[in-house]
Each structure stands twice: as structure tokens, then as C-alpha cells.
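Notes for the one structure printed next.
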Amino acid sequence: MPHTAVATALKALDAHARELARAHVREFFAQNPKRFENFSVSLDGLLFDFSKHKITRETLDLLVALAKARELPARRAALFAGEPVNNTEGRAAMHMGLRDLSGGPILVQGVDMRREIEAEREKMFAFARAIRQGQLTGASGLPFTDVVNIGIGGSDLGPAMAARALSPFGAGGPRAHFVANVDGADLADTLAPLDLSRTLFIVSSKTFTTQETMTNAASARARVVAALGEAAVRRHFAAVSTRLDKVAQFGIEPSRVFGFWDWVGGRYSMWSTIGLALAISIGPENFTGFLRGGHDIDMHFQEAPLDENIPALMGLLGVWHRNVLGRAAHAVIPYDQRLARFPAYLQQLDMESNGKSVTRDGAPVAAATAPIVFGEPGTNGQHAFFQLLHQGTDVTPIDFLLATEPVEADAHHHALLFANCLAQSEAFMRGRTLEEAKELLRKDGRDEAEIERLAPHKVFSGDRPSSTLLYRRLDPRALGRLVALYEHKVFVQSAIWDINPFDQWGVELGKELANRLAPIVEDKSAPTIALDGSTAGLIDWRRRHG
Ligand code: F6P
């Protein structure tokens, strides 16, 4: 690793940031009528506009120099070559192979996986078709109208987000529902309106040991047995996992068990059979469109020069804000109601991947890593937390996601949605000076004393950075592109920080402790003496008041 090159690149970025500190991005727009053309990249129908960040050509050059010093191109090549880039688990991270429809070899640690991948996908598609067409029915002979995916984290968030995003593409197929939380309310509320005799359950778990999923699966099984009898289980359950031995123990009919591989990380698994609920709800053709969108971005990420490479630019702009300017959060605001779960999905993708404090070699990281990711659809967010984004003391970079045409023709609503999104990004960029605020109040007929009193409250600093991703319409291919863009953005940042984005040891401790505490919580006579004072006190309180 060329440490001196990294240090030089970082030092140059710091010096450059100091030079830019006094400027306002407004001036950059005033000085350069071609700023939009200079700082945007398009890729058949997809546009990434990053002109509203206070950056110059030099900023980009310095960021690209940092990426090269961190050997991003070599790291990317190792990722796509199926090398064991997940070094703490000794695995590749070859989720791109799941969406590679090119016909060429898909190498994972030197083994061509194409046949296996295609066979498993075909099996999933055949099952999805049979459910959609009513050839496979419930125990009472009724076609399935509803599919309930039981899973959590990567076995839930991606497919749940996508099923909602692509709901208009169902063409009368079964509705998809998602149960994740071990809180029994999740299962109860999801099942309340459903007819069990027309409901298919999919137990989705890479490890098939996750406490929440196993608990919900057992409860769902008990419900089916109570309503339809033991024999109905084989007709009403399917499973997706890499641990086929454990699935067999649960008693799911082998023809309804769909596998995938340990080189597919949980938060990268929606492209695999973990997408079964999605494949059933939108059908195999649309699912293939989704895969195609992901593959489009894999090609772009590998081929485009770094300064025209959308995921590389997204990642590098994030590094600029996080490391050079010290910005701790990142907002993702889809102006697309059907992307309501996209921020939640991204939280796992970004924060579980890059929420790390040690490098690949186990040394403390030198710089801040993943930001806190949050978001809500626009326009709703405008009436909730945007006040802080406009006038709060912290600057939070924002990604706006927006379609140029609606999926359902409702031109008036969409025009308002579009205008709102652009109005926000313009306001964040431009802001309003004290003089402009005073002028507005003057026009409003206020007297000078009132103008002096109110004007400071109406000042917006502006210079608050945002990117806008425009796609034509939210169809399967566009969604596949969006998801893959963010996957690779996260990878780019992991390379800059020299961390492994494909493990998640941080989740383990909580899991271990939950398994240790569960029997103590359940058995009211179990001693709490060995626990810390707070944990013991809280359990005792529950025993007395619960
Ligand atoms: O939340 C931790 C985690 O390990 C995620 O990485 C994973 O997506 C989730 O649990 C679910 O795991 P599984 O699919 O094995 O049930």
C-alpha cells in the first residue's frame, strides 16, 4: 500500500478545502454557465447531477488521486475476479455474478459458478410462475393470493424495499408481505387481514439460525397447523438459505428449498433466491429486468474512467464530506413514494458494511468511516426534518432520487413532486442572504424595526451540498441500477478507508447476549446475580411489573 501517496493526497485535499472555504457554490454557478454539464454524468436515461456540491475540477482530480493512491482500480478488479476480498471470513463477494446475464464465466475463487447460479435461478422462476399461475395451491386447493417473507436484515430489507418499489409490476400476482421483528406484533398484524388457506410463507435466512426468523417461522408454522392441519405445512412453506441441512430439520419440502452461497453477503443477497418473494410478486420477467439493471451498473463501474464513474463519484464525494469537511450524516431522500423503504435498506447496506473501526489488517482506521444514513420520501421529509437540513448548525449532504416520469400517469401530481424536489436542492444550494431576507420583508411592507428583528431568522446559509439522481421511471431495471450504484458506492468508500465492507462482526455481540439473556427473561426464577446492575435491575423490574 503506497502510504505516502495516500498521505500526500489527503494533505492536498485538506489544503484545497481551506482554499475553497470562503467561496459559495452560488458564485460557481454564476461564473460558469456550463457547471451543470461539467459536473453531471449520464448513462442511458440515468443522470447523476453533482454540480450543487462546492467542488471544482481540482477537487475531483484530488479525489481521483486519493482513489488511485488507495489502489481502487486494483481492489475493484479483485472484487469482480471473485477473489476472497472478504478477508476476515475468507470469502469472495460475488453478488455481481447473480445479475450477470452475459453468458460468460462467473468466477468465484477460481471456480465458474454460472451453471449453479442459473440452475438455482431457474428453479426459483419455475416456482414463482407456478405460484403466480395457480398451479401450486394451498392445502385447500386455493391459489395463493399472499406471500409472507419471514426474514430479517439482508433477508428482509432489500426484497421488502423492492416489492414496494415495484408493486405496480405485479400484474395480478400474489401480494408480498414481510415479517422481520421478533416482536410478535409484526407477525400478528401482518397475518390479521390474510386468509391462511391462501397464504404462502417463505422462511428466508442465510444461516437459518437467526433468532428472530426462527421464532417467527415457528409461530407461523403453528398458526398454519392450527388452522389447516399438520399436512398443510408442506404446501404452505418454502425456504431460502445457504444451510440446507438446517432447513431440512425444520421440515420444509426439499423441492421448495432454494439455495445460495456463502460468497453472497446478507445485505447483497436480494439478487439471489433471497429475492423469491419479489420474484413471485413481480414475476420472473420483471425480476430479470431488475438483474439487468444491476448488471448495467457493474459494467459502468468497471469501464468508466473514475471521474465519469457514477458510483466512484458518489463514493468520493462522500469521502470529501466525511473526511475532509467532517460531515457525519448523509441523507437520502427519494421523491418517489414507492421508494419509501429505500433509506432503511441503505442504512443496512452502508452502515453494516462500512461501520468499522479497523482496517483490513486489524489496525485502527486513520479516518472517520461510514456516515449515519437516514431519509424519508419527499415531500413528506420537507415537513419534518428539513428545517434542520436548511438552517441547523450541521451540514448534511443529501442525495435526491427522482423519476422524470411517473409509473402511473398523473401528470399534475408528478409535476408538483418534481418541482418540490428541485426547489429543495436549489434552496440548499443557493440559500438566502441577510440582504435578500431584508428585501423580502421590505416588499412585504414591514417597518425597519421589524425587518431588523426578523431578517436573521430568514437567512439560509445555502452552500449545502446535494446530488440528484434522475431515472426515467421506477421500473425493475431502474431499481436494479439504483441498488447497484449504492452497492458500489459503499465499496468505493471501503477501499478509501481500507476496511472490509463484507463482514459484520459488530452485530455478533448483541446476538450472543440476547441468546444468553432470553432464558433468564423467560424463567422468572432464574438468578440475575451474575448480570451487571442495570441489566439485572431492568429484568427484576419486569418481573415485578410485567
Ligand atoms: O443483522 C445481522 C445479520 O447478520 C445481517 O448481516 C443479515 O442480513 C441478517 O443478520 C440476517 O441473517 P440471516 O439471513 O442469516 O438470517
Side-chain angles (χ1 to χ4, degrees), residues 85-95 98 120 124 148-163 178-183 186-187 201-221 237-250 252 257-278 341-356 369-370 372-373 483 486-487 490-491 494 499-515 518:
V85 291
N86 176 355
N87 67 323
T88 60
E89 297 179 305
R91 294 172 185 165
M94 199 44 190
H95 42 279
L98 302 166
E120 213 53 39
M124 168 171 90
V148 177
N149 183 81
I150 298 178
I152 197 163
S155 302
D156 166 72
L157 287 162
M161 174 279 289
F178 295 83
V179 172
N181 202 331
V182 75
D183 183 342
D186 200 2
L187 184 69
F201 291 90
I202 302 170
V203 186
S204 295
S205 174
K206 183 175 173 182
T207 56
F208 229 72
T209 54
T210 304
Q211 187 195 58
E212 294 93 328
T213 301
M214 292 304 108
T215 306
N216 278 322
S219 299
R221 191 184 196 285
F237 276 82
V240 182
S241 184
T242 57
R243 293 300 306 270
L244 305 185
D245 50 334
K246 292 197 182 292
V247 180
Q249 284 162 23
F250 188 88
I252 291 172
V257 179
F258 304 87
F260 63 113
W261 304 270
D262 66 0
W263 44 265
V264 182
R267 52 195 172 274
Y268 300 88
S269 64
M270 61 190 300
W271 314 96
S272 73
T273 49
I274 285 288
L276 177 59
L278 177 66
R341 294 294 286 162
F342 197 73
Y345 153 77
L346 273 189
Q347 283 177 326
Q348 188 200 15
L349 175 65
D350 200 322
M351 294 159 82
E352 196 168 89
S353 296
N354 284 345
K356 309 283 167 65
T369 58
I372 293 164
V373 177
V483 171
Y486 278 95
E487 284 180 353
V490 165
F491 176 77
S494 76
I499 56 182
N500 175 7
F502 299 116
D503 62 12
Q504 57 284 319
W505 301 106
V507 187
E508 291 306 314
L509 179 60
K511 280 190 187 176
E512 278 166 33
L513 294 186
N515 285 331

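Everything numeric in this text was worked out from a predicted model, so none of it was measured. These numbers come from the heavy atoms of this one structure, side chains and all, not from hydrogens, waters or symmetry mates. Atoms within each ligand, like the ligands themselves, are counted from 1 in listed order.
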Donor-acceptor pair, distance only, cut-off 3.5 Å: does the side chain of [X] make one with the backbone of [Y]?
X    : Y    : result
N354 : T369 : no
S269 : V264 : no
D156 : A180 : no

### Message
Looking only at protein heavy atoms, which one is nearest to atom 2 (C) of ligand 1, and what is the separation?
### Response
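Going atom by atom, the protein heavy atom closest to atom 2 (C) of ligand 1 ends up being V507 CG1, 3.3 Å.
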### Task
Look at atom 11 (C) of ligand 1 and say which protein heavy atom is nearest, naming residue and atom and giving the distance to 0.1 Å.
I152 O, 3.2 Å
### Message
Geometry only, no angles: is G154 polar-contacting ligand 1 at N/O separations under 3.5 Å?
### Response
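There is such a contact, yes.
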### Query
N/O to N/O below 3.5 Å, does that happen between S155 and ligand 1?
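Yes, at least one N or O pair falls under 3.5 Å.
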#### Entry: Contacting atoms of ligand 1, where contact means under 4.0 angstrom from a heavy atom of Q348
5 (C), 6 (O), 8 (O)
### Task
Return the option from Q211, E352, R267 holding the heavy atom at the smallest distance from atom 6 (O) of ligand 1.
E352
### Query
With respect to atom 16 (O) of ligand 1, which of T210, I274, V203, T209 exhibits the smallest heavy-atom separation?
T210
### Task
With heavy atoms under 4.0 Å as the rule, classify the contact between Q504 and ligand 1 as side chain, backbone, both or neither.
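The part of Q504 near ligand 1 is the side chain, not the backbone.
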### Query
Given that the side chain starts at C-beta and the backbone is N, CA, C, O, which of these parts of T207 lies under 4.0 Å from ligand 1, counting heavy atoms, or is it both or neither?
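For T207, the contact with ligand 1 is made by both the backbone and the side chain.
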### Message
Any heavy atom of K511 closer to ligand 1 than 4.0 angstrom?
### Response
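Under 4.0 Å: yes for K511.
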Do any side-chain atoms of residues 237-245 form donor-acceptor pairs under 3.5 angstrom with protein atoms, and if so which ones, sequence neighbours left out?
{"unit_1": "S241", "atom_1": "OG", "unit_2": "S205", "atom_2": "O", "d": "2.8"}
{"unit_1": "S241", "atom_1": "OG", "unit_2": "K206", "atom_2": "O", "d": "3.1"}
{"unit_1": "S241", "atom_1": "OG", "unit_2": "R243", "atom_2": "N", "d": "2.9"}
{"unit_1": "T242", "atom_1": "OG1", "unit_2": "K206", "atom_2": "O", "d": "2.6"}
{"unit_1": "R243", "atom_1": "NE", "unit_2": "D245", "atom_2": "OD1", "d": "3.1"}
{"unit_1": "R243", "atom_1": "NH2", "unit_2": "D245", "atom_2": "OD2", "d": "2.7"}

### Task
Quick one: closest heavy-atom pair of A162 and M270, and the distance?
CB-CE, 3.7 Å
### Message
If the condition is side chain to side chain donor-acceptor pair (under 3.5 Å), which residues does S155 pass it with, not counting sequence neighbours?
### Response
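Here no residue qualifies.
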### Task
Taking the six-membered ring for Trp and the full ring for Phe, Tyr or His, determine whether the centres of F342 and Y486 are under 6.0 Å apart.
yes
